[in-house]
Amino acid sequence: MRRTVRMSRYTAAEIEAKWQEAWDKAGSFRAERDETRPKYYVLEMFPYPSGRIHIGHVRNYTMGDVVARYKRATGHNVLHPMGWDAFGMPAENAAMASGGHPKDWTYSNIDDMRDQMKPLGLSIDWSREFATCDPEYYGQQQALFLDFLEKGLVYRKNAVVNWDPVDMTVLANEQVENGRGWRSGAEVERRELTQWFFRISDFSGELLDALDTLDDWPAKVRLMQENWIGRSRGLQFSFERTDGGGIEVYTTRPDTLMGASFIGISPDHPLARELEAKDPAVARAVAAMRKGGTTEEAIEKAEKVGLDTGLTVRHPLDPNWELPVWIANFILMDYGTGAIFGVPAHDQRDLDFARKYGLPVRNTFFALDDDTPVGDVAFIPPKTEKVRWVDHFTGIDVATGQEAIDATIRFAEQQGWGKGVTNYRLRDWGLSRQRYWGCPIPVVHCDACGVVPEKKENLPIRLPDDVSFDQPGNPLDRHPTWRDCACPACGNHARRETDTMDTFVDSSWYFARFTAPHADTPTVMEDADYWMNVDQYIGGIEHAILHLLYSRFFARAMHLTGHLPAKSKEPFDALFTQGMVTHAIYQSRGADGRPVYHYPEEVTLRDGRAFLKDGTEVDIVPSAKMSKSKNNVVDPVTIISQYGADTARWFVLSDSPPERDVEWTAAGAEAAHKHLARVHRLASDIAQAQGEGQGDDELLREMHKTIRDVTLGVDAFGFNAAIAKLYAFTGTLARSKAGAQARQQAARTLAQLMSPMTPHLSEEIWQMLGGTGLVLNAPWPQADEAMLVEENVTLPIQVNGKRRAEISVPRDMPKQEVEKLVLAHEAVIRVLDGAQPKKLIVVPGRIVNVVI
RNA sequence: GCGGGCGUGAUGGAAUGGUAGACAUAUCAGACUUAAAAUCUGAAGGGGCUUUCGCCCCGUGUGGGUUCGAGUCCCACCGCCCGCACCA
């Protein structure tokens, strides 16, 4: 027990407060331009200020902090900022639910979250902090908007929104539940409004092609963006209407033209609108088709319905062949021309539609060895597969789909009735929102001059504070005076635009603003030029498409308007998408059969089963997404007060690869804490050790291996693997009988290698062991190559691919020598039983395989 | 519906196409202790053979394939997760 008296205890709360103060005092994390050092910009996707930090935030920011601290130790000038994605619907919902003002709610949440975040000891330059709802920020965003407008990167057009006919208001997709408004319960309709759009689709090809340059992005994110942008090559041509005029269609499968059995147009197609105006029956049908939400998912999943317009068109290859024109609810006005020709035999949707309405089904091609006509399953072979063609309009008998497509496009172009067109699925980005809590769009509407941009000197156009949320709709619309203004062009009375911007706009350039967060222009070129690009961006996979694609567009637009250098057209050099933190749900059934969710504190775990206090066993649902309603949320504040920030940081990194979900378990957190206490105890023991010992070389050899492995791990985002090596090395060090000097050197190195993950504890033991200055500023240890070379290697011997034995040989033993040793090995002799091996494969330094 | 991903012991997971299960949790055993906690040491994928040293079979969601060799590459299927343009 004398040991415990001598040992200092690991008191995380004290240690962490002490070192955070020391870093603050030294101004360690303030980032300043310094041309003499390489810069490194690490950024985590900034949070929405909900008011409480979540353990998922802890994981996200810890990963960024590990990178930031590691890069600092390797001599980089690090920029690691933090801010708030502060506009959005939750603030308005809170105002509606409990009075108050979105602004007060948001800023008070920000204060709370900052208070919860600071104890984590993140190496953040807080002097650069801002919220997107700060007028200083959104005013600069308005300036960007005006510059984009001048360059023709923004325009107005009609687009559909979710319309709640009872509340008379626009709904967000998440406010539509099963096709009904979340408050009124009314069936939602799709309605057109004039809205502002960014011309992102002008950049489709460039955004697609540049994906190839993003080598340090996850391949899956690039693939998702590629599919989202969706380049396709197809044929565009016009069907001639028998009553005059034409219908322009776009198809990616022109080769199936002979299988066409109807023309389908979107309910929003100009022709559909024309018929709707003339014919009440059409109007009724189209209105029914417009019910339901605007999401692609809702439209795709909705039952396929159509209406025969009675109109007909002529087939381009046969003037006597007439096809009916249907209005169909599954055709999107936004894609292609909003009109298609249906080929039931080779498209499942078209087939379902044709069967439902009794339209003909004609095969245009068959499999090479099977000519059964299509039944209820459309025949859709890969475009690379050879098939047998029934129609011969391009002179083809047997060809792949792709060859037939190319031939058809050539054929149509020669004959002059169609042309090959490259199309993209990507649509322009609608940024108008009919809501209060967002960045006002800085334009005015003048009866004389039309839509007029606001003058830059009048920015920011501030949101008014005196608004109420006691009725549905946009408070800006009903504000008594806010809309009134003078026309910037003619000076007469005009009205402000009351739409605000999509919050994706806010998050599409905040990374650039961090390089000069308080400037009176959106960016400052010198700062942007020094700090951009973001060297490492970290965030959730849920942002793989929209946020990242919009940011890539914005970076290009900002370059075109002189706000970013050319090198920043791709603003994020490397991207990492981290997984979620999950937690088990403990659930039982109430008397009414509904699930009852129990808090972890109410549950006792024994042998992997969970029991309530009264002994009732409850079900465990492992690895569930944390949700307040399921009572399985882990509050970082509780964890930090219980164990300290270092434990929380260590645990969220240790148990799973960073890109995958990690399950928070009380046992895991407890174990992480025990380990850190053990390191603390070990370090204080070693600090007081004296004299010589045995095994200095072995210890230092292990130390250098650990330096190599941890460095590789941190570099490659293998934090869990790096931590496993640190566990192992801690064990080695604890068991080592080496002399005091060697053990102290090893312990100091351990402190350094742990410092990105557990910065406070590392400072503490670094100091204990006589390290110079702050471990934060100590140069990262280098693995000594000479110490890593092993004299002998263990070669596993496989027989037919299964390991049967192993031999230890000098590292560079020639193949022939190895072969001799293997053939002389008793295990090999036994299995060969006198026979000769068919083959003997020797991979030097790795493995031997005897094939018999 | 469409696009993307993931699946390895009781659990989280490790493994440049080359010894599957590192490291950790839970479990069990031992040491220390009057006792407990804390701490330290050890065992352990499943099954079988063997007095011991050891040896054999099976095993990475399921079924096929490529390869001397597959958790890893290819195809199909099953299950779960993410996104689908007004959630952030």
Side-chain angles (χ1 to χ4, degrees), chain A residues 1 3-4 45 47-48 50 85 87-90 159 161-162 170-176 195 200 218 220-221 223-224 226-228 230 293-302 330 334 348-349 426-435 502-504 506-507 540-547 549-550 577 579-580 605-608 622-623 625 654-657 659-663 665 667-668 670-672 674-675 677-678 681 718 720-721 723-728 731 734-735 794-798 800-806 827 830 837-841 843 846-851:
Chain A
M1 283 290 109
R3 281 166 54 96
T4 41
M45 290 179 187
Y48 180 80
S50 62
D85 191 11
F87 275 135
M89 293 202 307
V161 293
N162 299 306
V170 176
L171 298 178
N173 283 336
E174 72 158 12
Q175 296 173 322
V176 178
Q195 312 209 58
I200 188 173
K220 65 176 166 185
V221 174
L223 186 58
M224 285 160 89
E226 187 182 323
N227 290 333
W228 185 262
T294 57
T295 67
E296 194 169 304
E297 184 187 3
I299 292 165
E300 292 281 333
K301 274 189 176 167
F330 59 89
D334 291 314
Q348 192 61 45
R349 262 189 326 204
L426 181 64
R427 315 200 289 255
D428 276 336
W429 169 14
L431 68 119
S432 301
R433 296 292 180 271
Q434 295 72 40
R435 270 181 268 288
D502 178 8
T503 56
F504 270 123
D506 312 337
S507 55
I541 185 69
E542 66 273 19
H543 294 295
I545 296 175
L546 294 180
H547 162 62
L549 192 61
Y550 290 159
T577 54
M580 290 187 302
L605 293 174
R606 274 198 310 274
D607 298 342
S623 305
K625 188 174 180 170
S654 66
D655 250 27
S656 286
E659 67 276 14
R660 255 198 258 175
D661 292 350
V662 64
E663 176 155 8
T665 61
E670 181 70 33
K674 277 186 193 171
H675 177 73
R678 181 181 184 222
R681 197 167 52 242
N720 58 324
I723 284 178
K725 301 289 181 190
L726 288 167
Y727 267 109
R735 283 184 294 270
T794 303
L795 279 189
I797 300 175
Q798 294 182 330
N800 288 341
K802 286 196 183 283
R803 190 189 69 89
R804 285 294 179 260
E806 57 184 38
R830 195 171 59 234
K838 277 193 201 151
K839 213 169 179 181
L840 191 55
I841 292 155
V843 185
R846 289 224 67 100
I847 203 160
V848 180
N849 194 5
V850 185
V851 184

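Chain letters run A, B, ... following the sequence lines, proteins first and then strands; every chain starts at 1.
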K.L.:
Closest approach of A:Arg678 and A:Gly731, non-hydrogen atoms and distance?
P.N.:
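Taking A:Arg678 first and A:Gly731 second, the nearest heavy atoms are NH2-CA, 4.1 Å.
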
K.L.:
Could you give the distance separating B:U62 and B:C78 at their C1' atoms, to the nearest angstrom?
P.N.:
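Going atom to atom, C1' in each nucleotide, I get 7 Å.
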
K.L.:
Measuring to OP1 and OP2 of B:C23, would you say a side-chain N or O of A:Asn720 lies under 4.0 angstrom away?
P.N.:
no

K.L.:
Which heavy atom of A:Pro796 sits nearest to which heavy atom of A:Arg846, and what is that distance?
P.N.:
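Smallest interatomic distance, heavy atoms only, reads CD-O, 3.1 Å.
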
K.L.:
Collect all protein-nucleotide pairs involving nucleotides 53-58 of chain B in which both atoms are nitrogen or oxygen and the distance is under 3.5 Å.
P.N.:
unit_1	atom_1	unit_2	atom_2	d
B:C57	OP2	A:Arg804	NH2	3.0

K.L.:
Where do A:Ser507 and A:His547 come nearest, in terms of heavy atoms and distance?
P.N.:
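Answer, listing the atom of A:Ser507 first, then A:His547: O-CE1, 3.0 Å.
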
K.L.:
Should B:G17 be called syn or anti, with syn set as within 90° of 0?
P.N.:
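Nucleotide B:G17 adopts anti.
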
K.L.:
How would you list, by chain and number, every residue that makes a salt bridge (charged side-chain N to carboxylate O under 4.0 Å, His left out) with A:Glu659, sequence neighbours excluded?
P.N.:
none

K.L.:
Over how many whole Å does the gap from A:Arg660 atom CZ to B:G7 atom P extend?
P.N.:
5 Å

K.L.:
List the atom pairs, donor and acceptor, that lie under 3.5 Å between side-chain atoms in residues 426-433 of chain A and the rest of the protein, sequence neighbours left out.
P.N.:
unit_1	atom_1	unit_2	atom_2	d
A:Asp428	OD1	A:Ile200	N	3.1
A:Asp428	OD1	A:Ser201	N	2.8
A:Asp428	OD1	A:Ser201	OG	2.8
A:Asp428	OD2	A:Tyr155	OH	2.5
A:Trp429	NE1	A:Asp502	OD2	2.9
A:Ser432	OG	A:Trp196	N	2.7
A:Arg433	NH1	A:Gly430	O	3.3
A:Arg433	NH2	A:Asp502	OD1	3.4
A:Arg433	NH2	A:Asp502	OD2	3.1

K.L.:
Could you work out the separation of B:C53 and B:G5 based on their C1' atoms and round it to a whole Å?
P.N.:
48 Å

K.L.:
Starting at NZ of A:Lys674 and ending at P of B:U25, how long is that distance when rounded to a whole Å?
P.N.:
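Going from A:Lys674 (NZ) to B:U25 (P), I get 8 Å.
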
K.L.:
How long is the straight-line distance from CH2 of A:Trp228 back to CG of A:Leu223, given to the nearest 0.5 Å?
P.N.:
14.0 Å

K.L.:
Rounded to the nearest Å, what distance is computed from the OH atom of residue A:Tyr727 to the P atom of nucleotide B:C40?
P.N.:
12 Å

K.L.:
Counting only side-chain nitrogens and oxygens, does A:Arg433 get under 4.0 Å of the OP1 or OP2 atom of B:C86?
P.N.:
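A:Arg433 to B:C86 OP1/OP2: side-chain N or O found under 4.0 Å.
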
K.L.:
If the cut-off is 4.0 Å, is A:Ser654 near the phosphate of B:A24, judged by side-chain N/O to OP1 or OP2?
P.N.:
no

K.L.:
A:Ile841 has an atom CD1; how far is it from atom P of B:U19, in whole Å?
P.N.:
14 Å

K.L.:
With distance as the sole criterion, do the side chain of A:Gln798 and the base of B:G18 form a donor-acceptor contact below 3.5 Å?
P.N.:
yes

K.L.:
Which heavy atom of A:Gly801 sits nearest to which heavy atom of A:Asn849, and what is that distance?
P.N.:
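Taking A:Gly801 first and A:Asn849 second, the nearest heavy atoms are N-OD1, 3.0 Å.
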
K.L.:
Choosing from B:C86, B:A88, B:C68, which nucleotide comes nearest the side chain of A:Gln195?
P.N.:
B:C86

K.L.:
For A:Leu795, answer base if it contacts any base atom (sugar-phosphate contacts may also be present), sugar-phosphate if it contacts only those atoms, and nothing otherwise; contact means non-hydrogen atoms under 4.0 Å.
P.N.:
nothing

K.L.:
Which pair of non-hydrogen atoms, one from A:Lys220 and one from A:Thr577, has the smallest distance, and what is that distance?
P.N.:
CE-OG1, 4.1 Å

K.L.:
Determine the Euclidean distance between corresponding C1' atoms of B:C74 and B:A26; express it in Å to zero decimal places.
P.N.:
38 Å

K.L.:
Taking the P atom in each of B:U39 and B:A24, what is the distance between them to the nearest angstrom?
P.N.:
14 Å

K.L.:
Is there a side-chain contact between A:Val850 and A:Arg804, using heavy atoms and a 4.5 Å cut-off?
P.N.:
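A:Val850 does not reach A:Arg804 side chain to side chain.
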
K.L.:
For the C1' atoms, the ones on B:C68 and on B:G79, what distance do you get once it is rounded to whole angstrom?
P.N.:
34 Å

K.L.:
Taking only the side-chain heavy atoms of A:Arg427 (C-beta and beyond), determine which of B:C86, B:U25, B:A85 contains the nearest atom.
P.N.:
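So the side chain of A:Arg427 is nearest to B:A85.
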
K.L.:
Can you find a side chain N or O atom of A:Arg681 that sits less than 4.0 Å from OP1 or OP2 on B:A38?
P.N.:
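Negative; the distance criterion is not met.
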
K.L.:
How far, in whole Å, is B:C87 from B:G63 if one measures between their P atoms?
P.N.:
43 Å

K.L.:
Could you tell me how far apart A:Glu300 (CD) and B:G1 (P) are, to the nearest whole angstrom?
P.N.:
10 Å

K.L.:
What is the distance, rounded to the nearest whole Å, between atom CZ of A:Phe330 and atom P of B:C2?
P.N.:
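For the pair A:Phe330 CZ and B:C2 P, the rounded distance is 14 Å.
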
K.L.:
Check A:Ile847 against A:Leu795 and note the closest heavy-atom contact, atom names and distance.
P.N.:
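Heavy-atom minimum between the residues: N-CD2, 3.7 Å.
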
K.L.:
Considering every strand and a 4.0 Å limit on heavy-atom distances, what is the contact class for A:Val161: base, sugar-phosphate, or nothing?
P.N.:
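Here A:Val161 touches the bases of the nucleic acid.
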
K.L.:
Here's a test of your reading of the structure: between A:Pro657 and A:Gln175, which maps to the more 5' nucleotide of RNA chain B?
P.N.:
A:Pro657

K.L.:
What's the gap between B:A14 and B:G9 when it is taken at their C1' atoms, as a whole Å value?
P.N.:
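That atom pair is separated by 13 Å.
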
K.L.:
Identify whether any heavy atom of A:Gly540 sits under 4.0 Å from a base atom; if not, whether one sits that close to sugar-phosphate; answer base, sugar-phosphate or nothing.
P.N.:
nothing

K.L.:
Pull out every stem in RNA chain B, meaning runs of 3 or more consecutive Watson-Crick or G-U wobble pairs with both distances under 3.5 Å.
P.N.:
B:1-7 with B:78-84, B:10-12 with B:23-25, B:27-31 with B:39-43, B:45-49 with B:54-58, B:61-65 with B:73-77

K.L.:
Of the nucleotides B:C68, B:G4, B:U19, which one has an atom closest to the side chain of A:Asn227?
P.N.:
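Between B:C68, B:G4, B:U19, the one nearest the side chain of A:Asn227 would be B:G4.
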
K.L.:
Please state how far atom NE2 in A:His675 lies from atom C1' in B:C40, giving the value in whole angstrom units.
P.N.:
15 Å

K.L.:
Starting at CZ of A:Phe87 and ending at P of B:C86, how long is that distance when rounded to a whole Å?
P.N.:
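About 18 Å, once rounded to whole Å.
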
K.L.:
Relative to the 5' end of RNA chain B, which residue comes earlier, A:Ala724 or A:Gln434, by the nucleotide with the nearest heavy atom?
P.N.:
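Final value for this comparison: A:Ala724.
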
K.L.:
For B:C2, take OP1 and OP2 only and decide whether either is under 4.0 Å from a side-chain N or O of A:Arg349.
P.N.:
no

K.L.:
Could you tell me if the side chain of A:Thr294 sits less than 4.5 Å from the side chain of A:Asn173, heavy atoms only?
P.N.:
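Heavy-atom side-chain distance check passes, below 4.5 Å.
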
K.L.:
Could you pull out all residues at least two apart from A:Glu300 that satisfy salt bridge (charged side-chain N to carboxylate O under 4.0 Å, His left out)?
P.N.:
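In terms of salt bridge (charged side-chain N to carboxylate O under 4.0 Å, His left out), with neighbours along the sequence ignored, A:Glu300 is linked to A:Arg349.
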
K.L.:
About how many Å separate CD of A:Gln434 and CG of A:Leu171, when rounded to the nearest 0.5 Å?
P.N.:
10.5 Å

K.L.:
Give the ring-plane orientation class for A:Tyr727 versus A:His675, where under 30° counts as parallel, over 60° as perpendicular and anything between as tilted.
P.N.:
tilted

K.L.:
Taking any heavy-atom pair under 4.0 Å as a contact, classify A:Val221: base, sugar-phosphate, or nothing.
P.N.:
nothing

K.L.:
Given 3.5 Å as the limit, does a donor-acceptor pair link the side chain of A:Asn162 with the main chain of A:Gly293, or not?
P.N.:
no

K.L.:
Once each nucleotide of nucleotides 78-84 of chain B is scored for protein heavy atoms under 4.0 Å, what B/S/- sequence comes out, 5' to 3'?
P.N.:
----SSB

K.L.:
Between A:Asn849 and B:G69, is there a side-chain N or O to OP1/OP2 distance below 4.0 Å?
P.N.:
no

K.L.:
What integer number of Å spans the P atoms of B:U72 and B:G64?
P.N.:
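The answer is 14 Å between these two P atoms.
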
K.L.:
Please work out if A:Ala544 contacts a base, only the sugar-phosphate, or nothing of the nucleic acid, heavy-atom cut-off 4.0 Å.
P.N.:
nothing

K.L.:
Check the phosphate of B:G17 against A:Arg846, side-chain N and O only, distance under 4.0 Å to OP1 or OP2. Yes or no?
P.N.:
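No.
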
